[in-house]
Amino acid sequence: MTRRLLAAITALAVGWTVPALAQDTLTVWWVKGFYKSEDDALYAAIKKFEDKTGVKVELSQYAVQDMIPKTVSALDSGTPPDVAYADVYDFQVAGKWAFEGKLEDLSDIIEPIKTEFAPNTVSTAYLWNDQAKKRAYYAFPLKQQTMHIDYWIDMLAQAGFKPADIPTDWKGYWSFWCDKVQPAIRKATGQRIFATGFPMGVDSSDSFYSFLTFMDAYNVKLVDDDGKLLLDDPKVKAGLVGALTDYVAPYQTGCTPPSSTTWKDPDNNGAFHKKNVVMTHNATISIATKWLDDSVNQTLSDAERAQAKKNYEENIATAGFPNKPDGSKMVYRAAVKVGVIFANAPHKDLAKKFVAFMLQDENLTPYVEGALGRWFPVKAAAQKSAFWDQDRHRRSVRDQFAAGTVNFEFTKNYKFTILNNENVWAKAMNRVVNDKIPVDQAVDEMIARIKAVAG
């Protein structure tokens with residue numbers, strides 16, 4: 001009887017514990033969203049995945065600046081998460097990790113849905129693995145960004161101008177802000193307002209993204225499709241000289257704040273919001289969407305919410321860049337944000353199921369749109385969503401992407417992530433404006449450094 005009782009108790013215990021042991025758990029690290037609606041959309045997608053599969057997702061979210069240090073530490077200790085996503089992986093580490101053989105090949109996820117992606121998006125995830133000696137989809141694309149112009153319409157009016165007065169040719173455009181708007185706004189207000197805010201800090205991704213946009217305006221191509229450097233072409237140096245000359249000109253003429261050379265990423269936003277500058281360029285429409293978010297922020301007063309609504313709907317414009325110096329239309333440099341599954345992740349099969357689930361339109365589109373327009377979709381169907389026709393800021397973003405995009409150099413040669421981290425572009429700017437060396441010399445130094453790192 002004792003043996004039968006013991007057996008019954010054991011069976012009962014096993015019956016209780018088996019379901020708990022059988023439930024699979026997936027570890028996901030994800031960057032913290034900029035807006036509550038962005039995170040809420042992520043949480044909703046995760047719950048749908050859990051309900052559908054019975055898999056428990058352990059989600060950890062970190063600030064964008066913490067994601068890479070934490071991920072690198074986990075990789076070094078041999079305990080990476082199953083799935084990881086950060087807004088800066090594409091700029092800084094995804095190509096390097098793929099090169100070193102640290103990422104799982106996701107071609108079995110991407111290939112069947114490749115035609116669903118817009119042009120020049122999924123190609124960002126097609127990376128070289130130097131261990132396997134092949135290119136494959138070692139990352140998954142989620143959303144993208146490009147460079148925009150933001151300006152205060154009401155400040156432009158104070159200076160005596162309207163948006164229709166802004167030239168569309170390259171030289172005329174920048175001259176308009178510095179030679180016409182700045183003196184006029186200072187005369188009208190009696191304040192030391194700057195017409196432009198040019199990010200130039202070495203610790204700023206805005207500075208290198210902005211400079212590379214100027215480089216694109218001059219049709220500079222630094223690498224071929226195989227990642228080989230093209231720096232010995234005289235046209236490349238001439239284009240770099242033109243881009244750097246134009247980029248530092250506002251600083252040299254007192255048309256951007258002196259502090260621009262030390263700005264970090266939030267600082268041009270801050271200068272804009274304080275109306276210390278009339279216009280700036282930014283790699284998302286976060287400047288405008290800040291006011292949209294404030295307009296529904298219940299911790300603000302009614303008057304503050306009303307002013308925020310007016311700023312978003314009436315006072316701020318989002319626009320593209322002027323035509324290139326050669327007169328052709330601007331084509332925009334898109335940064336496609338990617339996530340990864342690590343080659344030594346403990347639950348790779350489950351991780352792939354989760355990624356495939358997230359890439360379904362019904363899950364990915366609400367997540368991208370939850371960012372209020374800060375990010376643009378990588379899926380073609382989502383780009384046609386009515387969301388992008390709801391206000392002029394979003395329409396401007398949609399129109400810029402519709403004009404065509406190009407990819408970053410690091411998608412062809414991962415060592416450009418090192419150059420971006422060093423910010424050789426902003427260092428060249430500062431050599432000119434602080435050390436007073438000629439633009440030619442700064443470009444020669446830049447080219448030498450690119451060859452040393454990426455050659």
Indicate whether the side chain of Trp152 and that of Asn311 have a donor and an acceptor atom separated by less than 3.5 Å.
no
Applying ring-ring contact (aromatic ring centres under 6.0 Å, His included), can you list everything that pairs with Phe387, at least two apart in sequence or on another chain?
none
Can a cation-pi geometry be assigned to Lys379 and Phe117, taking NZ or CZ under 6.0 Å from the six-membered ring centre and within 45° of the ring axis?
yes
Donor on one side chain, acceptor on other, Tyr138 and Ser107, under 3.5 Å
no
Does any donor atom in the side chain of Ser207 or Asn423 lie under 3.5 Å from an acceptor atom in the other side chain?
yes
Would you check if there is a donor-acceptor pair between the side chains of Tyr35 and Thr289 at a distance under 3.5 Å?
yes
Salt bridge or not for Asp294 and Lys309, using N-O below 4.0 Å?
no
Ser73: partners by side-chain contact (heavy atoms from CB on, under 4.5 Å), with sequence neighbours left out:
none
For the residue pair Ile149 and Met279, establish whether any side-chain heavy-atom pair is separated by less than 4.5 Å.
yes
Say whether Gln61 and Asp39, considering side chains only, have a donor N or O and an acceptor N or O under 3.5 Å apart.
yes
Check the angle between the aromatic planes of Phe376 and Phe401 and answer parallel, tilted or perpendicular using the 30° and 60° thresholds.
parallel
Interatomic spacing from CZ in Phe416 to CG in Asn421 - rounded to 0.5 Å:
13.0 Å
Non-neighbouring partners of Lys133 that pass side chain to side chain donor-acceptor pair (under 3.5 Å), sequence neighbours left out
Asp130
Any ion pair linking Glu104 and Lys352 (charged N to carboxylate O, less than 4.0 Å)?
yes
Tell me, please, which residues at least two apart from Asp224 pass side-chain contact (heavy atoms from CB on, under 4.5 Å).
Asp226, Lys228, Leu230
Looking at Phe34, is Arg374 sitting on its ring face, NZ or CZ under 6.0 Å from the six-membered ring centre and within 45 degrees of the normal?
yes
Do we see a donor-acceptor contact under 3.5 Å between the side chains of Ser385 and Glu369?
yes
So ring pair (Phe, Tyr, Trp, His ring centres under 6.0 Å) across residues 346-366, not counting sequence neighbours, yields Phe49-Phe354, Phe49-Phe357
Checking side-chain polar atoms at under 3.5 Å, does Tyr312 have a donor or acceptor matched by the opposite partner on Lys290?
no
Do Ser210 and His281 pair up side chain to side chain, a donor and an acceptor below 3.5 Å, judged on atom types alone?
yes
Only one of Trp177, Phe211, Tyr247 forms a ring pair (Phe, Tyr, Trp, His ring centres under 6.0 Å) with Phe198, so which one is it?
Tyr247
Would you call Asp246-Lys171 a salt bridge at under 4.0 Å N-O?
yes
Residues that Asp225 engages under side-chain contact (heavy atoms from CB on, under 4.5 Å), provided they are two or more places apart:
Lys221, Lys412
Closer than 4.0 angstrom, basic N to acidic O: yes or no for Asp82 and Lys348?
no
